[in-house]
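Reviewing the structure listed below.
Count residues from 1 along the sequence. Counting starts at 1 for both ligands and their atoms, in listed order.
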Amino acid sequence: MDKENKPYGAHVLALPYPSQGHINPMLQFCKRLVSKGLKATLVVTNFIYSSRNPKSGSVQIDAISDGYDEGGFMQAESIQAYLARLEAVGSGSLVELINKYKNTPHPIDCVVYDAFLPWALEVTKPLGLIGASFFTQPCGVNFIYYYVKRGLLTVPVTSWPVSIPGLPLLESEDMPSFIYVPGSYPAYFELVLNQFLNVDQADFVLVNTFYKLEDEVVDTMSKIRPLITIGPTIPSFYLDNRLDDGNDYGLHLFNLDDPSICTNWLNTKPKGSVVYVSFGSMANLGEKQMEELACGLKGSNHYFLWVVRTSEEEKLPKKFMEETSEKGLLVKWSPQLQVLSSEAVGCFFSHGGWNSSIEALSLGVPMVVMPQWTDQTTNAKFVRDVWKVGIRVKVDENGLVGREEIEGCIREVMEGERAKEIKENAMRWKVLAKEAVSEGGTSDKNLDEFVSTLTSSSY
Ligand code: UDX
């Protein structure tokens with residue numbers, strides 16, 4: 001079918017790395033494409049598809065095999081084994097999927113692939129499709145990885161602080177964990193460095209950030225490789241302060257009980273009185289750390305809504321909830337965007353995952369960051385020192401964040417001298433985030449240009 005006769009502008013296939021922190025921004029990006037008149041299909045793995053039975057309104061969901069159709073990542077003996085099989089099996093399966101649409105009214109025009117999966121470009125380019133790499137982590141973090149990949153920064157680093165154009169001076173604790181702790185998680189380190197493997201051949205490079213948030217590093221990196229900032233990918237519904245339209249916008253890999261459990265509980269709490277606690281989809285705290293966190297929350301005497309995933313539950317101190325049931329609500333997974341949109345939430349005690357960070361910042365919620373690994377340490381640096389929307393906990397000589405420290409940090413952000421200033425900064429970023437994705441904003445204009453290139457006859 002020629003482009004002029006299509007009932008939609010173009011058909012985009014979006015392929016995220018199959019984990020929660022990557023699916024979320026790419027799904028929301030797809031929704032924005034659909035709102036601009038494109039057809040979008042989000043690709044998950046067969047395992048996710050069959051176990052979660054995803055339905056996501058305007059965005060079609062389809063699946064490929066990662067070679068672990070029965071159990072997904074948990075079936076693999078190591079991350080290395082998973083990544084190798086994902087590439088080997090996923091490449092063929094992706095081509096099959098694209099071919100499936102070939103003689104239909106909606107053949108694929110463009111593949112937006114997660115920068116973690118550079119092999120997707122290798123297999124789709126020969127099919128004559130447009131290839132766009134999608135970076136799910138902030139531009140600043142990616143620029144550090146670029147420096148390492150191109151040999152401009154050698155790991156282990158021997159001289160601190162590190163100076164990289166467009167970024168503040170970085171001490172070791174500000175670096176992504178793979179650099180901060182050399183030799184840790186080598187397969188993941190290779191994965192993040194390989195985002196730059198063939199990026200020069202991609203037709204577009206999209207980043208889930210917004211221009212004003214990272215202007216210096218976006219400008220610096222764009223001189224090397226033009227970047228298209230399209231974030232935050234949060235549904236504009238939330239950015240517009242509309243609380244609940246009865247729809248759930250996500251594709252959750254964890255069981256989300258009735259989302260109204262959280263919102264109803266929050267609705268009974270005064271404005272700014274609740275600490276929301278979540279460590280995303282992957283981080284696992286040790287048992288002792290869980291105890292310190294539980295005691296710190298209790299000691300702060302604030303209300304708290306704590307996400308403790310099923311795999312973490314047994315680490316909770318015995319009787320903790322019985323003793324704190326007046327103050328706290330524990331859930332296994334939350335409707336996070338709805339929670340962060342609630343006026344009752346006064347602070348987000350978080351691991352500093354990129355989605356959690358940009359979600360909190362865009363919704364005006366101050367943060368206490370307790371980074372665990374990967375980009376979270378660097379995100380914490382930006383949150384505290386660049387965007388000034390939160391603070392970072394201090395780790396003691398035993399590698400723990402103690403209860404007094406946790407209690408103190410919560411108090412500092414909720415009620416301390418700096419609380420007002422941090423909240424004002426968060427509210428300023430909220431305005432700028434909304435501006436970026438509103439009509440005529442930087443991310444919106446970038447998206448329009450991307451869409452019009454895809455739909456123009458020259459492609
Ligand atoms: C991982 C890494 O931790 C993160 O640093 C990296 O940038 C992306 O991959 P994850 O640990 O899942 O991500 O954290 P995060 O990036 O914050 O993403 C979690 C997502 O799950 C967010 O979009 C959040 O809104 C959602 N979420 C989390 C829920 O919907 N409910 C919850 O209870 C917890």
Side-chain angles (χ1 to χ4, degrees), residues 16-29 31 52 54 56 73 79 114-117 134-142 144-145 175-178 180 185 188-189 191-192 195 207-209 231-235 238 248-259 261-263 266 276-285 304-313 329-342 345 348-363 365 367 369-383 390:
Y17 181 79
S19 73
Q20 190 75 70
H22 292 247
I23 289 174
N24 286 6
M26 288 186 85
L27 172 60
Q28 299 307 338
F29 176 67
K31 292 192 179 199
R52 307 312 303 180
S56 208
F73 174 68
I79 177 66
D114 196 312
F116 276 21
L117 310 173
F134 187 106
F135 282 73
T136 54
Q137 297 183 343
C139 189
V141 167
N142 292 317
I144 297 171
Y145 292 143
M175 282 292 184
S177 67
F178 315 118
Y180 176 38
Y185 299 101
Y188 278 115
F189 194 27
L191 185 72
V192 292
Q195 295 183 104
V207 193
N208 183 20
T209 189
T233 53
I234 302 163
Y238 291 107
D248 174 45
Y249 287 90
L251 191 173
H252 298 278
L253 301 187
F254 299 83
N255 288 339
L256 178 68
D257 301 328
D258 182 355
I261 293 173
C262 291
T263 44
L266 287 167
Y276 171 57
V277 189
S278 164
F279 287 84
S281 63
M282 294 167 87
N284 301 313
L285 303 186
F304 61 88
L305 167 53
W306 187 0
V307 179
V308 180
R309 301 190 316 270
T310 308
S311 59
E312 303 293 282
E313 257 175 338
L329 175 67
L330 223 63
V331 293
K332 294 180 175 40
W333 191 250
S334 82
Q336 183 160 304
L337 289 169
Q338 287 183 40
V339 169
L340 291 174
S341 304
S342 164
V345 173
F348 184 6
F349 196 102
S350 152
H351 65 319
W354 180 235
N355 297 288
S356 293
S357 301
I358 197 168
E359 286 165 7
L361 178 139
S362 305
L363 295 168
V365 181
M367 276 174 267
V369 186
M370 186 163 107
Q372 300 298 299
W373 73 308
T374 178
D375 58 336
Q376 296 155 15
T377 34
T378 312
N379 300 341
K381 164 75 178 170
F382 296 138
V383 164

Select the closest option to atom 1 (C) of ligand 1 among Gln28, Met282, Gln137, judged by heavy-atom distance.
-> Met282
Is Gln376 in polar range of ligand 1, meaning some N or O pair under 3.5 Å apart?
-> yes
Any N or O of Ser19 that comes nearer than 3.5 Å to an N or O of ligand 1?
-> no
Might you work through the side-chain contact (heavy atoms from CB on, under 4.5 Å) test for Phe279 and Asn284, ending with a clear yes or no?
-> CA-CA 8 Å; Phe279 287 84; Asn284 301 313; over 6 Å; no
At the 4.0 Å heavy-atom cut-off, does Lys332 count as touching ligand 1?
-> no
Per-residue contact class, Ser278 against ligand 1 - non-hydrogen pairs under 4.0 Å | side chain
Heavy-atom gap His351 to ligand 1 smaller than 4.0 Å = yes
What atoms of ligand 1 come within less than 4.0 Å of a heavy atom belonging to Trp354?
-> 4 (C), 5 (O), 7 (O), 16 (O)
Give the single entry among Gln20, His22, Glu359 that approaches atom 23 (O) of ligand 1 most closely by any heavy atom.
-> Glu359
Atom indices of ligand 1, in the order listed, that fall short of 4.0 Å to a heavy atom of Ser281 = 10 (P), 11 (O), 12 (O)
Only heavy atoms count here, so choose which of Thr374, Asn355, Asn24 is nearest to atom 26 (C) of ligand 1.
-> Asn24
Would you check if there is a donor-acceptor pair between the side chains of Ser342 and Tyr276 at a distance under 3.5 Å?
-> no
